[in-house]
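Since the structure is predicted, the reported quantities are computational estimates derived from the model, not experimental observations. Reminder, nothing fancy here: chain letters follow the sequence lines and each chain counts from 1.
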Amino acid sequence: MSVHLAKGTRDHLPEKMNQRLHVIATLREVFERYGFEPLETPAFERIETLMGKYGDEGEQLIFKILKRGEGGKRGEVDQALRYDLTVPLARVIAMNPALRMPFKRYQIQPVWRADRPQRGRYREFVQCDVDTVGCTSMLADAECVAVLHDGLQALGFEGFTIRVNHRALLRACVEHVGLGDMESSVLIAIDKLDKIGRDGVNAELKGRGVSDESIATLWELFSVRGPGALDHLEALLGAPATTPINELREMLDAAAEMGVVLDRLVVDPTLARGLGYYTGPVFEAEVTEPKIGSISGGGRYDGLVGIFSNRQVPAVGLSLGLDRLVVVMEELGLFPDLRSASKVLVTVYSEELRPHSIRAVSTIREAGIPAQLVLDRVGKIGKQFKSADQAGIPWVVVIGPDDLQAGTVSLKHLPSGSQENLSLARAIDKIRS
RNA sequence: GUGAGUGUAGCUCAGCUGGCAGAGCAUCGGAUUGUGAUUCCGAGGGUCGUGGGUUCAAGUCCCAUCACUCACCCCA
């Protein structure tokens, strides 16, 4: 029988798992530093909770679950695997009106999309989300940008940029050229600028019936990117753009105060972002080196929670893609050696001396040092050294007849090749330091 | 959902106009019975993705099928 994984899924063997846990631990530390608290929600939701939140294209990618029993045989569906972590959060907020606001949570869980797999794209992947709910202040948005910045920095990234825009600003641009009625299709075309270039966007806009004149006006609006972009748009758009421009300025200033390196923050008037529910500032992080699409995206979505609860609850948040982070970090060599958590391998010299090795490994473990004991039938001591080397375990302890007589152990440090005989207590001190 | 490409040893791949299935790395054994990584010698390992067809003969040509990869769409 030939065995296959389901399309778009992977097993995470220990070496990969250590990388993933390293990323998660690093991000959690940053999230908690900013005062976000953990949340988990079920893998699947009622179908009504998810439908109508992601646009037509997104909705087709939802994994649906057939009803149990007769209904399922007729193809009826009542539940679905979660598509992201934001909509479940909105449901949680609606169901728990007593939560103290602002509610700041992080959530690191898998989501599922029935996409066609590709490099850095899977059908099951883990998102690391951070959101602040119940706060209209741009400080909350600034915190999201800052937590994203600090998270990437803590992981060791250097060449990354966070592009920033504002949905209302983009809308003002589109309305300025008289295309307000076809906002979404225009935004989708503009968003592809980096990918297909200006000519490609022009072709797409023309294909959607946008006049040359309107296109020319659009490019005039979008001609400045970076520091001067907001001044440029303010001059051209006037009053309709005042609010979003001021909000962005407020957010950028606060982010700078929070320590975000300004070179890494780029105002990009063409940034749109796909998901339908964003209403305010939006942002997206991408790395310059391996081309893999965005590794994080987020923004303000003040309307989403209200869909579930009648009351309007503002919210802003972001999502980091764990799987893409791992792919990129691997390529950039940002991982330390994570082959084994064990620091020591205690060898077994012979059947007769095995009890001494067992006692030694126990003592080392009691001292809090992760340690392995050779469990197999006793082989040549050289083989045991080799297995330590291959597993990436730096220290090896040998207890042979000579050591026994002297009351010492032999401790070898494989990376340096140095070895000495000393008491077990001294050996433990040495490994610890 | 649309288009293209690739399936040969555990991994990366070579295999010409059809003619006995190959290399490097990895693994295992030995050189070295108290020492890995380096060096030397040796060994094992294959239904050539699967099914059918053409042929004296198919890894190679044809058809189908499955899996994977890449691009588009969309997105983490």
Side-chain angles (χ1 to χ4, degrees), chain A residues 1-10 23 27 54-62 82-86 108-129 148 184-185 187-189 191-192 195-196 200 204 272-276 284-287 291-298 317-328 345 347-350 353 357 374 378-406 408-421:
Chain A
M1 161 182 189
S2 76
V3 289
H4 291 285
L5 285 165
K7 189 191 285 291
T9 66
R10 297 152 306 151
V23 173
L27 290 178
Y54 304 112
D56 291 341
E57 307 86 355
E59 207 152 291
Q60 288 171 353
L61 300 181
I62 295 175
R82 64 170 168 247
Y83 179 90
D84 67 3
L85 302 178
T86 308
I108 299 173
Q109 287 193 277
V111 304
W112 293 269
R113 296 182 189 178
D115 224 340
R116 187 105 148 227
Q118 226 177 97
R119 173 182 154 87
R121 173 187 301 191
Y122 308 97
R123 288 187 161 186
E124 175 182 69
F125 61 97
V126 171
Q127 292 195 319
C128 310
D129 274 34
L148 174 57
S184 66
S185 64
L187 295 191
I188 287 170
D191 199 36
K192 293 185 206 164
K195 206 168 201 171
I196 62 180
E204 189 146 333
R273 294 206 39 79
L275 289 178
E284 187 168 290
E286 51 201 29
V287 288
K291 190 168 164 285
I292 198 171
S294 67
I295 53 178
S296 176
L318 71 107
S319 180
L320 282 143
L322 175 67
D323 306 79
R324 283 188 182 175
L325 284 172
V326 170
V327 169
V328 172
L345 178 74
T347 60
V348 175
Y349 182 78
S350 66
L353 298 186
S357 290
V374 172
V378 175
K380 283 189 174 179
I381 209 80
K383 296 284 188 305
Q384 302 184 31
F385 270 80
K386 187 169 182 174
S387 74
D389 186 47
Q390 290 179 334
I393 300 172
W395 298 91
V396 176
V397 165
V398 179
I399 303 173
D402 300 347
D403 304 294
L404 213 54
Q405 195 148 33
T408 61
V409 302
S410 300
L411 178 68
K412 180 164 181 175
H413 186 240
L414 293 183
S416 65
S418 65
Q419 175 167 344
E420 57 188 311
N421 292 48

Take atom [atom1] of [X] and atom [atom2] of [N], then tell me their distance rounded to the nearest Å.
X        : N     : atom1 : atom2 : result
A/Tyr54  : B/A76 : OH    : P     : 11 Å
A/Tyr349 : B/U33 : OH    : P     : 11 Å
A/Ile62  : B/C75 : CD1   : C1'   : 14 Å
A/Leu345 : B/U35 : CG    : C1'   : 12 Å

Taking only side-chain nitrogens and oxygens of [X], does any of them come within less than 4.0 Å of OP1 or OP2 of [N]?
X        : N     : answer
A/Gln390 : B/U27 : yes
A/Arg116 : B/U69 : no
A/Lys7   : B/C68 : yes

Compare the minimum distances between each of [options] and the side chain of [X], then state the nucleotide with the smallest one.
X        : options             : result
A/Gln118 : B/U35, B/C72, B/A37 : B/C72
A/Arg119 : B/G34, B/U69, B/C70 : B/C70
A/Lys380 : B/G30, B/G34, B/C68 : B/G30
A/Lys386 : B/G30, B/A37, B/G34 : B/A37
A/Leu414 : B/G36, B/G34, B/A76 : B/G36
A/Lys383 : B/G29, B/C75, B/G34 : B/G29

Polar contact flag, side-chain donor to acceptor under 3.5 angstrom, A/Tyr349-A/Asp403 = no
Taking all atoms of both residues into account, what is the closest heavy-atom pair of [X] and [Y], and its distance?
X        : Y        : value
A/Val398 : A/Thr347 : CA-OG1, 3.3 Å
A/Gly379 : A/Gln384 : O-NE2, 3.1 Å
A/Ser296 : A/Leu148 : OG-CD1, 3.3 Å
A/Ser294 : A/Glu286 : CA-CB, 4.4 Å
A/Val348 : A/Val374 : CG2-O, 3.7 Å
A/Lys7   : A/Arg123 : O-CD, 3.1 Å

5' priority, RNA chain B, between A/Ile381 and A/Ser296 [closest heavy atom] | A/Ile381
With nearest nucleotides of RNA chain B determined for A/Gly8 and A/Leu322 from heavy-atom distances, which residue corresponds to the more 5′ nucleotide?
-> A/Gly8
Could you tell me how far [M] sits from [N] if I compare only their [atom1] atoms? Round to whole Å.
N     : M     : atom1 : result
B/U54 : B/C63 : P     : 15 Å
B/A26 : B/C66 : P     : 38 Å
B/G52 : B/C16 : C1'   : 27 Å
B/U60 : B/U8  : P     : 13 Å
B/A23 : B/U6  : P     : 25 Å
B/U27 : B/G44 : C1'   : 9 Å
B/G42 : B/G15 : C1'   : 26 Å
B/G29 : B/C48 : P     : 29 Å

Tell me the partner of [N], counting only Watson-Crick (N1-N3 plus N6-O4 or O6-N4) or G-U wobble (N1-O2 and O6-N3) with both under 3.5 Å; none if nothing fits.
N     : answer
B/A76 : none
B/A64 : B/U50
B/C56 : B/G19
B/A14 : none
B/C70 : B/G3
B/C40 : B/G30

Answer yes or no: side-chain N or O of A/Thr347 and base N or O of B/G34 forming a donor-acceptor pair under 3.5 Å.
->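 When only heavy-atom distances are counted, A/Thr347 does not reach the base of B/G34 through any donor-acceptor pair under 3.5 Å.
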Reckon A/Gly417 touches a base, only the sugar-phosphate, or nothing at all at heavy-atom distances under 4.0 Å?
-> base
Check every strand shown and say whether A/Gly382 touches a base, only sugar-phosphate, or nothing at a heavy-atom separation below 4.0 Å.
-> sugar-phosphate
